[in-house]
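Let me begin by presenting the structure, written as structure tokens, before commenting on it.
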Amino acid sequence: MKKYTIHRDVSPVTTAIDYASELNEEQRSVVLGDDGPILVIAGAGSGKTRVVTYRVARLLERGIPPGGILLLTFTNKAAREMLHRVEHLVKIDTRYIWGGTFHHIANLVLRQHADRVGYYRNFTILDNEDAKDVVELAVKESGVDTKSRMFPKSGVLKELFSYAANTMHTVEGAIRERNPFFYDLIDEMTSIHTIYTRRKRETNAMDFDDLLTFWHTILSEDPELRKAYAMTFSHILVDEYQDTNRIQSEIIDFMGLINRNVMVVGDDAQSIYSFRGANFQNILDFPKKYEEARIFKLETNYRSTPEILDLANNSISYNTKQFEKNLHSVRTNGVVPVIAPSRDVIQQAEFVVQRVLELADEGIPLEKISILYRAHYHSMEVQMELTRRGIPFEIRSGLRFFEQAHIKDVVSFLRVVSNPNDEISWKRMFRIFPRIGKKTADTIYAFIKGQEDPFEPLVSKKIADTFKSIRKENIDVWAKLFSELRDLKNDEAPGDMISAVLKHGYIEYMKFTYPNYEARLEDLGQLINFSTRYNSLDSFLGELSLMSGLSGEEAVAEGDFDEERIILSTIHQAKGLEWQVVFIIWCAEGRFPNPKAVEEGAIEEERRLFYVASTRAMDELYLCYPILAFDRQAGHIIMRPSRFLAELKSSCYEEWSISEY
């Protein structure tokens, strides 16, 4: 197709931007670059937001109309901050720039064209909770008997439908890829998805995934509309391109079809969200789709010391699928990163917390220190040690370990065995089972409370004589489970008791209740290992009560740190953030990298995760792992350092030997 350009009578914006002093050479080459497709590989801490902001300002300077610029970001806050900065730079009203998340822009487009996908333009957008309610209604309408057998909860179904939409899979394809244990439910789940889709259309409502799906649909199915939008936007800029999924990538290609002035900014080395549907190939394949694309690299890092960057560069160099780059720091030399093996997980926690206190004494505020980990359960012992010492902390990866629903569920079984008068635990426990709601649980508890031995009707199955509506499967499970739990109480074996609860139905319950059931199962495995430290059920439960009874507010009130709090986070949730000091715990083979990822051939994404964690640190980096770990099944295990540590050149770190006195 021959390209013909209209020269609009738009006066360039007169500004006083001093690009030479406000941007480094790498950044300046992007900002002042010519039109055409551009891929910017922006290393950690290299100022990519600054580059996008100044590029928009430069386009306006050149006379590009604000309405011809499309800026796609992963949060609306990021877009607002960028455009506010642009206004400050060029003194122009940026409201006519289309800026925001993919979902925000999709909403703008569909408000004009919803009729093309069978909706009215005043459609409602369902938030996640509303969407789950509609899924629940679809389940009821489908006629699937969810009472006679286990069936996925609405949250699990919604998560699966969302994954299917974002990866452009069918429901069956998503099940095969994400939840193969639901394979025998494909027909029912597909039917529910069909009803869910119809119900949304009948009520003129879309969920978040529909916004992208329908935006893609109207562009892919209507060549004239696709051409109109491609002509409207002369320049498209996309932030965090490595986190885009397939549908987002195709939307960008549609919108940039004619002018091809598509600038994508991202870091392939920080692509870590495949579990959400992000497609790593998008950034790798950009130069293949846009053969005339120029590639720029931002390798000057303003965050970390040279020593931390040496370690990060050395680690990521082992990945074969990447755009090679070498981050270099503008800062002066600092502290060499530390590898700190400890005797066991208890000593690991003691080391981390003691070192945190030392750093606080040196004047580093607690909120400038972070403890990162691959999986939420890795933080349990550190949480306990911080709590014991009254050090306030904030968990970014979820609830405190002992306050999580699945932990409290399983512990409720142990509590009723220890204390048969524990009404709250009895009722919580009963409500886990199918077809038992609050009212039925209250009635069952009132009955067993009046028995001389509350467990006897359960073990003997005589409870079925009084409650004829209770499923036979529940009766059978209770008989086996409580018989086993009573015997195990005599053995003072809380770990075996937890295993019994898991074996008799709780694992299945998690699969059908929680989208992240595998992570929750890991938590419970850690709880079992933790329980082996106690020689009685009562001492174990007493410790749990103490650990879950201290709230964050109490910790702050009792500590001497005012509102300061140390941050605990999974690495996934730490991306984009930075701290003066970072501890990465459980850097041990079998924990990090995640064993399942190794089995599935995803080792390079795991290494990218290690790279992201390392580059969160500004001044000091500590890589910790226990030499000895305990597994209830295998006993004491010698832990090897993570392959990500073993790969490092010795010049990248110093090793500390931890002793006690």
Side-chain angles (χ1 to χ4, degrees), residues 272 303-304 308 311-312 335 337-342 344-362 364-404 519 522-523 526 530 547 550 552 555-556 559 561 563-588 591-592 594 609-626 629 641-642 644-645 653 656 658:
I272 57 173
R303 175 187 299 150
S304 306
I308 291 171
L311 183 145
V335 179
V338 171
I339 291 181
S342 52
D344 54 26
V345 70
I346 300 300
Q347 192 183 66
Q348 176 180 248
E350 291 173 341
F351 164 74
V352 170
V353 175
Q354 180 172 306
R355 187 71 190 116
V356 165
L357 290 173
E358 291 169 351
L359 292 164
D361 287 342
E362 294 170 14
I364 298 177
L366 286 185
E367 68 264 23
K368 299 294 185 182
I369 303 172
S370 178
I371 301 169
L372 305 182
Y373 33 85
R374 175 63 180 84
H376 184 55
Y377 78 90
H378 292 168
S379 68
M380 185 181 78
E381 287 81 7
V382 170
Q383 288 186 44
M384 293 173 65
E385 187 65 19
L386 289 167
T387 302
R388 286 195 187 101
R389 299 208 191 191
I391 300 172
F393 60 94
E394 176 185 339
I395 298 179
R396 299 272 178 85
S397 52
L399 293 172
R400 290 174 179 242
F401 187 84
F402 298 109
E403 295 171 359
Q404 298 174 103
E522 288 178 336
D523 288 345
Q526 188 72 356
F530 170 67
M547 295 308 301
L550 184 64
V556 172
F561 302 91
E563 294 300 316
E564 290 182 19
R565 303 184 185 199
I566 190 169
I567 304 301
L568 277 64
S569 175
T570 59
I571 300 166
H572 282 104
Q573 288 175 298
K575 184 175 172 289
L577 303 175
E578 62 185 27
W579 293 271
Q580 278 184 252
V581 182
V582 169
F583 294 83
I584 309 176
I585 58 175
W586 274 108
C587 294
R591 298 295 192 277
F592 188 14
N594 179 281
L609 203 56
F610 181 75
Y611 175 84
V612 166
S614 302
T615 53
R616 299 311 92 199
M618 301 166 66
D619 300 336
E620 298 185 40
L621 176 64
Y622 296 86
L623 307 169
C624 310
Y625 71 94
S642 166
F644 304 145
L645 302 190
Y653 63 88
W656 286 11
I658 301 173

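Starting from 1, each residue takes its place in the sequence as its number.
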Report task. Quick one: closest heavy-atom pair of Ile584 and Ser614, and the distance? Result -> CD1-N, 4.0 Å
Query raised in the report: Are the side chain of Glu578 and the backbone of Met618 linked by a donor-acceptor contact shorter than 3.5 Å?
Result: no
Requested in this report: Compare all side-chain heavy atoms of Ile566 with those of Phe393 and state whether any distance is below 4.5 angstrom.
Outcome: yes
Query - Close side-chain approach of Gln354 and Ile658, heavy atoms under 4.5 Å - result: no
Query raised in the report: What are the two closest non-hydrogen atoms of Thr615 and Ala312, and how far apart are they?
Result: CG2-CB, 3.7 Å
Query raised in the report: How many angstroms lie between atom CZ of Arg616 and atom CZ of Arg303, to the nearest 0.5 angstrom?
Result: 4.5 Å
**Report entry** Verdict with supporting geometry, Ile371 and Ser379, side-chain contact (heavy atoms from CB on, under 4.5 Å)
**Finding:** CA-CA 8 Å; Ile371 301 169; Ser379 68; over 6 Å; no
Query raised in the report: Would Glu620 and Lys368 pass as an ion pair if we require N to O under 4.0 Å?
Result: no
Report summary line: The reported gap from CD in Gln347 to OG in Ser342 (rounded to nearest 0.5 angstrom) is 5.5 Å
Query raised in the report: Could you walk me through whether Gln383 and Met380 pass the side-chain contact (heavy atoms from CB on, under 4.5 Å) check?
Result: CA-CA 5 Å; Gln383 288 186 44; Met380 185 181 78; 5.6 Å; no
Query raised in the report: If we only count heavy atoms from C-beta on, is the Leu609 to Phe644 side-chain gap below 4.5 Å?
Result: no
Requested in this report: Could you tell me whether a side-chain N or O of Gln573 sits under 3.5 Å from a main-chain N or O of Arg396, the two making a donor and an acceptor?
Outcome: yes
Report summary line: Here the pair of heavy atoms bringing Ile339 nearest to Pro341 is O-CD, 3.4 Å
Query - Phe583 CZ to Tyr622 OH distance, which is reported to the nearest 0.5 Å - result: 5.5 Å
Query - Atom of Ala617, atom of Ser304 and distance for their closest heavy-atom approach - result: O-OG, 2.6 Å
Report summary line: Separation between OG1 (Thr570) and NE2 (His376), nearest 0.5 Å, reads 9.0 Å
Query raised in the report: Would you say the side chain of Leu386 lies within less than 4.5 Å of the side chain of Leu568, judging by non-hydrogen atoms?
Result: yes
Query raised in the report: Is there side-chain contact between Glu394 and Glu367, with at least one heavy-atom pair below 4.5 Å?
Result: no
Report task. Dump the intermediate steps for side-chain contact (heavy atoms from CB on, under 4.5 Å) on Glu522 and Asn594, then the final yes or no. Result -> CA-CA 11 Å; Glu522 288 178 336; Asn594 179 281; 3.9 Å; yes
Report summary line: Heavy-atom nearest pair, Phe592 first then Ser642, reads O-OG, 2.8 Å
Query raised in the report: With side chains defined as the heavy atoms from C-beta onward, is the minimum distance between Val582 and Ile308 less than 4.5 Å?
Result: no
Report task. Check the pair Arg389 / Glu350 against salt bridge (charged side-chain N to carboxylate O under 4.0 Å, His left out), numbers first and verdict last. Result -> CA-CA 10 Å; Arg389 299 208 191 191; Glu350 291 173 341; 6.0 Å; no
Requested in this report: Taking the side chain as every heavy atom from C-beta outward, state whether Met384 and Phe401 have any pair of such atoms under 4.5 Å apart.
Outcome: no
**Report entry** Value rounded to 0.5 Å, distance of SG in Cys624 from NE2 in His378
**Finding:** 13.5 Å
Query raised in the report: Any idea which heavy atoms bring Arg591 and Arg374 closest together, and the distance?
Result: O-CG, 3.8 Å
Query raised in the report: Heavy-atom distance under 4.5 Å between the side chains of Pro392 and Leu366, does that happen here?
Result: yes
**Report entry** Interatomic spacing from OH in Tyr653 to CG in Leu645 - rounded to 0.5 Å
**Finding:** 8.0 Å
